[in-house]
2 protein chains.
Amino acid sequence: MTSIDDLAREVGVSTATVSRALRGLPRVSEQTRQRVVDAAVRLGYVPSASASGLATGRTRTVAVVVPFVTRWFFATVVHGAEQVLRERGYDLLLYNLAGDPAARQRLFGTGLLTKRADAILVLGLAPTAEEVRQLRSGGRPVGLVGASVDGWPSVQIDDHAAARSAVEHLLALGHRRIAYVGGLDDSPVDVVVPTARRDGYLEALLDAGVEPDPAYEVEGRFTMAGGLAAGRRLLDLPEGPTAVFAASDEMAIGVLRAAREAGRSVPGDLSVIGVDDHETALFFDLSTVRQRVDEQGRTAARQVLALLGETDELVPERVVLPTELVLRATTGPPA
Amino acid sequence: MTSIDDLAREVGVSTATVSRALRGLPRVSEQTRQRVVDAAVRLGYVPSASASGLATGRTRTVAVVVPFVTRWFFATVVHGAEQVLRERGYDLLLYNLAGDPAARQRLFGTGLLTKRADAILVLGLAPTAEEVRQLRSGGRPVGLVGASVDGWPSVQIDDHAAARSAVEHLLALGHRRIAYVGGLDDSPVDVVVPTARRDGYLEALLDAGVEPDPAYEVEGRFTMAGGLAAGRRLLDLPEGPTAVFAASDEMAIGVLRAAREAGRSVPGDLSVIGVDDHETALFFDLSTVRQRVDEQGRTAARQVLALLGETDELVPERVVLPTELVLRATTGPPA
DNA sequence: TTGAAAGCGCTAACAG
DNA sequence: CTGTTAGCGCTTTCAA
């Protein structure tokens, strides 16, 4: 492992000069810079992140906290964020809660994140007041995806409007018995998104003069399996819905499966619409509300980089990305 | 940010004692340890990773290199690895190649990884001889998932056998015109897995006395979209296959879609089988060859941790995890 | 334009 | 059982 000293000795300059040369700072002659760079390549020199981190107090690392890496949505946001971070030479430290509340507490409760990263990106989590306090005390920029907190940058879609547009589509088709499959549970995650989508659903119904039926609100845990279970429950109802709005495509796909199991035709007997435009939605011909997922990651990364002074771009503090109704084959008029 | 000095002063001991106490080293009285720990909690002390990294030469971080985070398979392996790393107090640095060959070269070519992490996990990539040399020169443990290199720990399935079992199933059903959808392209990734699966496919055919037809080998890029395109091509053939073995479930799902588009019934007109037992496979009733994906991540993590001296477990150097034929509704006898 | 030197916060001998 | 001390490999004044 060649160190800056080796390199300095090799070139015959001081370590200070090497440091300046390699980081493109002024006050180094073009000629020396060239010699330093050449030698660095020749010796395969790579600066120690620990050493420069210790000296500068910055690690050139961003911590990304995600509820579940295995979910397409979060993986895609991570992908987007990674790309722009990498461009600026930042590394990405991944913290996967995997649905474990203890992990969440450990992570936010201790100053861990703050010590290890220059900035923190929190995905799909609405930090509690206490967590906000703890994160704030760390003094590092924090960016949010899918939630927002005063004074912090955030990226999200208008969940309320997205839900409304889906439900309004179903209403326009003539449906009145419309169910909602979402995540209302007390899982460690996703507390704000499902709530907003449910509110949008309820509001659209009320505006259309349709009385919401509590039996039509079912837990789907944001997974296909959860959607399947939810779909079964709904189809077992004495007077079941003619249409289902699922707060995510994965749940919608589960509902589709339940319909098939029950021998109901889609959209003849049951219309189904989701949210996301998940990779698989196309393959199920699923109607959905599309959102640009990797763009959310990219934007969030840009926001914190801006706060770190890494870019001159003006990145708005609170970004709300548009959604788009995508009609495919799973929605149609009721029988 | 309270430092070890602050803490030492607070408790009235030396920094050395604080360091020992907090790391659970011997040669500290239980009483002092308690006082140190209490004070640490009270002051919210968290050691600086940069400082201890610099002092020890170890960062308590593992770098994980993945071709595509957004693919379910890799996200799931990362999830598995993350869990066991976290247990031992290791952080995970994520490097997503996202299919960019330049990124791959930058990553392996410079000593970056080696400097930043105590160990490296490479997923779904068969390192070139040059890359092996470079990684080896870093002197850090390297673990592989989905490939293997002499002297390095690895976890994989027997791709050859997995493919054979799928194809033998199709043969047993009476199919003779069996196509292969895989990844044969020169993408930066997956060079070994698709090849092994294709070989298994060919061998199974030959053993059964079936002459392989080159027109039946189609590129699917390991994506649903690629599988769709592949399926279309196969179904357009004058004398198309009666069965398709896709090297991944995602491609198999694409083929299913192509069949539906073309009005072919599955498995009546076309049988389809994949590999993975992807989350979505159940929902498509897809026959497949199941592999335990997160277990691959867990095992790989354990292997490098063992090499780092973090565990007493005996972890075999080369692990081959079993696969299992899962028969659902997309395979049946030819018409 | 360059160099000397003092840290950054922690660990690891070595003494005591 | 505890403290002193010398680094780890960089960055950053301050001088030259």
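Just so it is clear, the model here is predicted, and its values are computed rather than measured. Convention: sequence-line order gives letters A, B, ...; per-chain numbering from 1.
Applying the salt bridge (charged side-chain N to carboxylate O under 4.0 Å, His left out) rule to A:Arg133 yields the partners A:Glu130; only residues at least two apart in sequence or on another chain are considered. Shown here are the salt bridge (charged side-chain N to carboxylate O under 4.0 Å, His left out) partners of B:Arg318, two or more places apart in sequence or in another chain: B:Asp150. Listed by chain and residue number, A:Asp5, A:Asp6 satisfy the side chain to side chain contact (heavy atoms under 4.5 Å, CB included) test with A:Ser3 (two or more places apart in sequence, or in another chain).
Under the 3.5 Å distance criterion, the side-chain polar atoms of A:Glu131 are left unmatched by any main-chain donor or acceptor of A:Phe108. A donor-acceptor distance shorter than 3.5 angstrom exists from the side chain of B:Asp118 to the backbone of B:Arg60, with no hydrogens or angles considered. In this structure, the side chain of B:Gln134 does not engage the main chain of B:Thr110 through any donor-acceptor pair within 3.5 Å.
Look at A:Arg302 and A:Glu87 and you find no salt bridge, because none of the NZ, NE, NH1 or NH2 atoms lies under 4.0 Å from a carboxylate O.
Taking atom CG of residue A:Leu22 and atom P of nucleotide D:dC10, one finds them 10 Å apart after rounding to whole Å. Distance, B:Arg116 CZ to D:dC8 P: 21 Å, rounded to whole Å. Separating the CG atom of A:Asp5 from the P atom of D:dG7 is a distance of 13 Å, rounded to the nearest angstrom. Atom P of nucleotide C:dC10 and atom CG of A:Leu54 are separated by 9 Å, given to the nearest angstrom. For the pair B:Arg9 CZ and D:dT2 C1', the computed distance is 18 Å after rounding to whole Å.
The environment of CD in A:Gln105 is sparse: at most 12 heavy-atom neighbours from other residues, nucleotides or ligands sit within 6.0 Å.
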Indicate for each nucleotide in nucleotides 11-16 of chain D, in 5' to 3' sequence, whether protein heavy atoms under 4.0 Å reach the base (B), only the sugar-phosphate (S), or nothing (-). BBB---
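Phosphate proximity of D:dG9 to A:Ser48: absent, as no side-chain N or O sits under 4.0 Å from OP1 or OP2.
For residues 28-41 of chain A, proximity to DNA chain C is found at A:Val28, A:Ser29, A:Thr32, defined as any non-hydrogen atom under 4.0 angstrom from a strand atom.
Taking CZ from B:Arg9 and OG from B:Ser14, the interatomic distance works out to 12.5 Å, rounded to the nearest 0.5 Å.
Where the helix from C:dT1-D:dA16 to C:dG16-D:dC1 starts and where it ends, the local axes point in directions that differ by 30°; five pairs per end, rounded to 10°.
Side-chain atoms of A:Arg116 and B:Thr61 form a donor-acceptor pair, as typed in the model, at a separation below 3.5 Å.
Listed here is the closest heavy atom pair of B:Gly57 and B:Arg140: O-NH2, 3.4 Å.
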